[in-house]
Undergrad: 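Questions regarding the structure given below will be posed in turn.
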Amino acid sequence: MLRALRRRWDAYKYRFVPWLALNLRRKRRTLRYVPESSQDKIISDEDVFETLLKIFKALFINDFSRQAHILALLPEIRCKYIELLTVEQKQSKVNSCNHQSQHVFSPEEVLFNTLGFSITRDRSSLMSAGTGVFVTKGFVPKGTLVSMYPGTVYRKHEPIFFQSLGNPFIFRCIDGILIDGNDKGLSRSVYRSCSRRDQLGPFQMSDESWLTSALQNPLAVGQYVNNCSHEKAANVCYQEFDVPGYFPVELKQYLPNIVYSHEIESHLRCVVLVTLRDIKQGEELFSNYYTVVN
């Protein structure tokens with residue numbers, strides 16, 4: 001009974017304002033202080049954009065045979081990706097005996113081949129935590145986009161009360177925007193409904209696979225990154241990123257976020273996790289559940 005209550009408290013306390021106020025001084029060394037002028041940016045938006053383009057293009061090319069319905073409507077895009085695919089096949093020399101076929105990698109392998117590391121969900125090294133996120137292969141340099149926080153994006157005025165009940169996966173952005181990263185229950189149904197609402201013919205505007213065990217975007221596990229402790233210091237931090245309007249439409253199928261409502265025109269808010277130091281294979285990712293802005 002006591003253990004169950006302790007687990008519930010550990011999951012809730014970072015949203016309990018008196019606890020936060022009391023612990024700001026006690027755990028000052030674990031907090032990340034962000035100068036106001038930086039607008040909470042560890043790396044530039046351009047770096048985030050380029051990294052997402054790089055991995056999403058690689059995922060698209062790897063799954064090229066299933067993209068025919070999209071490419072048929074975008075002939076100029078089709079030519080571009082065929083050129084990229086040809087170059088990639090020449091460089092990798094995969095299937096040297098049969099150049100007509102394409103070797104298909106898993107999304108985790110694509111991530112490793114593209115960015116030099118792979119991550120996965122597994123049992124956390126923290127006794128009080130459940131699932132955590134680990135670097136399973138490769139090396140992640142400091143200042144690298146290592147994960148994304150998936151979920152439905154809510155503005156301040158939008159209803160999230162029922163989804164928030166008993167939900168430890170709601171992330172609050174600095175400007176009050178909320179992202180519900182819960183992959184179960186009502187939250188799961190809301191995300192799927194919004195995702196299918198926004199689909200334009202064959203064009204998917206978001207990725208639903210993070211709701212399952214078969215991830216299409218291997219970065220979309222950020223909601224399972226656990227909070228740091230005295231023994232386990234933070235090695236990643238959250239960074240907000242607004243997806244620009246010129247983001248390639250064929251690659252939006254890998255974005256693990258969707259807006260709850262389209263009543264107000266605005267860019268899609270994403271939250272990425274960026275490394276604060278070099279991270280080696282086998283290490284678990286740890287963040288701060290709250291950020292203090294100077």
Side-chain angles (χ1 to χ4, degrees), residues 39 41-71 73-92 102 104-119 138-151 153 179 195 198-200 202-210 215-222 236-259 266-275:
Q39 296 182 340
K41 305 293 182 183
I42 302 299
I43 60 176
S44 68
D45 283 347
E46 290 75 18
D47 287 342
V48 174
F49 179 77
E50 291 301 324
T51 300
L52 293 181
L53 276 189
K54 187 176 183 180
I55 183 60
F56 289 1
K57 282 182 179 179
L59 290 168
F60 188 90
I61 291 173
N62 183 66
D63 203 21
F64 195 76
S65 61
R66 294 203 314 116
Q67 307 293 346
H69 58 301
I70 292 177
L71 296 172
L73 298 176
L74 301 170
E76 69 285 356
I77 298 296
R78 182 175 183 274
C79 294
K80 179 184 73 173
Y81 281 107
I82 288 177
E83 290 178 3
L84 291 173
L85 179 60
T86 302
V87 170
E88 181 183 278
Q89 287 178 335
K90 287 181 179 179
Q91 290 176 342
S92 62
Q102 180 194 1
V104 178
F105 296 94
S106 70
E108 292 75 18
E109 290 173 324
V110 174
L111 177 60
F112 176 75
N113 294 336
T114 306
L115 300 184
F117 65 87
S118 59
I119 58 174
F139 172 80
V140 191
K142 178 182 177 180
T144 298
L145 190 163
V146 71
S147 186
M148 301 183 71
Y149 199 101
V153 180
I179 300 180
S195 178
D198 291 352
Q199 184 169 341
L200 300 175
F203 296 100
Q204 291 182 318
M205 297 294 104
S206 62
D207 173 27
E208 291 184 31
S209 69
W210 68 274
L215 298 179
Q216 184 179 16
N217 174 2
L219 294 174
V221 293
V236 300
C237 63
Y238 301 102
Q239 179 166 317
E240 299 168 16
F241 173 71
D242 289 337
V243 179
Y246 52 82
F247 197 88
V249 66
E250 75 276 8
L251 300 180
K252 289 185 177 181
Q253 61 182 293
Y254 302 108
L255 290 171
N257 299 98
I258 195 74
V259 293
S266 63
H267 295 298
L268 175 66
R269 171 65 52 83
C270 290
V271 170
V272 300
L273 284 83
V274 180
T275 54

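Counting from 1, the numbers follow the sequence of the chain as shown.
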Undergrad: Does the ring centre of F241 sit less than 6.0 Å away from the ring centre of Y149?
TA: no
Undergrad: Can you name the closest pair of heavy atoms from I179 and P150 and give their distance?
TA: CG2-O, 3.6 Å
Undergrad: Using a 3.5 Å distance criterion without hydrogens, assess whether the side chain of N217 forms a donor-acceptor pair with backbone atoms of Y254.
TA: yes
Undergrad: Quick one: are V221 and W210 in side-chain contact, heavy atoms under 4.5 Å?
TA: no
Undergrad: Compare all side-chain heavy atoms of I258 with those of V153 and state whether any distance is below 4.5 angstrom.
TA: no
Undergrad: Taking all non-hydrogen atoms of both residues into account, name the closest pair between V146 and I119 and its distance.
TA: O-CD1, 3.2 Å
Undergrad: Minimum heavy-atom separation for A58 and T114, please, with both atom names.
TA: CB-OG1, 3.3 Å
Undergrad: If we check side chain to side chain contact (heavy atoms under 4.5 Å, CB included) with P218, which of these qualifies: L111, L115, V110?
TA: L111
Undergrad: Quick one about Q67 and Q253 (side-chain donor to acceptor, distance below 3.5 Å, no hydrogens or angles considered), yes or no?
TA: yes
Undergrad: Measure from the side-chain N and O atoms of N62 to the backbone N and O of F105, and report whether any donor-acceptor pair falls under 3.5 Å.
TA: yes
Undergrad: Hey, is the main chain of D47 close enough, under 3.5 Å, to the side chain of E50 for a donor-acceptor pair?
TA: no
Undergrad: Evaluate the ring planes of Y246 and F49, with Trp represented by its six-membered ring, and classify them as parallel (under 30°), tilted (30 to 60°) or perpendicular (over 60°).
TA: perpendicular
Undergrad: Please give me the minimum heavy-atom distance between F203 and L73, naming the atom from each residue.
TA: CE1-CD1, 3.8 Å
Undergrad: So do the side chains of P107 and L59 get within less than 4.5 Å of each other, counting heavy atoms only?
TA: yes
Undergrad: Quiz question: by atom type and distance under 3.5 Å, do the side chains of E108 and S118 form a donor-acceptor pair?
TA: no
Undergrad: Start with the C-alpha distance between F60 and Y81, add both sets of side-chain angles, then the distance that settles ring pair (Phe, Tyr, Trp, His ring centres under 6.0 Å), and finish with yes or no.
TA: CA-CA 9 Å; F60 188 90; Y81 281 107; 4.5 Å; yes
Undergrad: Donor-acceptor check, side chain of T144 to backbone of P141, threshold 3.5 angstrom: yes or no?
TA: yes
Undergrad: When you measure from the side chain of H267 to the backbone of V243, do you find a donor-acceptor pair of N or O atoms at a distance under 3.5 Å?
TA: yes
Undergrad: Do N257 and R269 come close enough that some side-chain heavy atom pair is under 4.5 Å?
TA: no
Undergrad: Tell me the closest heavy-atom pair linking D45 and E240, and the distance in Å.
TA: OD1-O, 4.2 Å
Undergrad: Mind checking whether L52 and M148 have side chains closer than 4.5 Å, heavy atoms only?
TA: yes
Undergrad: Is there a side-chain contact between L268 and F247, using heavy atoms and a 4.5 Å cut-off?
TA: no
Undergrad: Main chain of L251, side chain of K57: is a donor-acceptor contact present, judged purely on distance under 3.5 Å?
TA: no
Undergrad: Which residues pass the side-chain hydrogen bond (donor to acceptor under 3.5 Å, both in side chains) test with S147, sequence neighbours left out?
TA: none
Undergrad: Taking salt bridge (Lys or Arg N to Asp or Glu O under 4.0 Å) as the definition, give me every residue that meets it alongside R78, ordered by chain and number, with sequence neighbours left out.
TA: none
Undergrad: Quick one: does any side-chain atom of T275 pair with a main-chain N or O of G143 as donor and acceptor, under 3.5 Å?
TA: yes
Undergrad: Which atoms form the tightest heavy-atom contact between Q239 and I42, and what is the distance?
TA: OE1-N, 2.6 Å
Undergrad: Donor-acceptor pair, N113 side chain versus E109 backbone, under 3.5 Å?
TA: yes
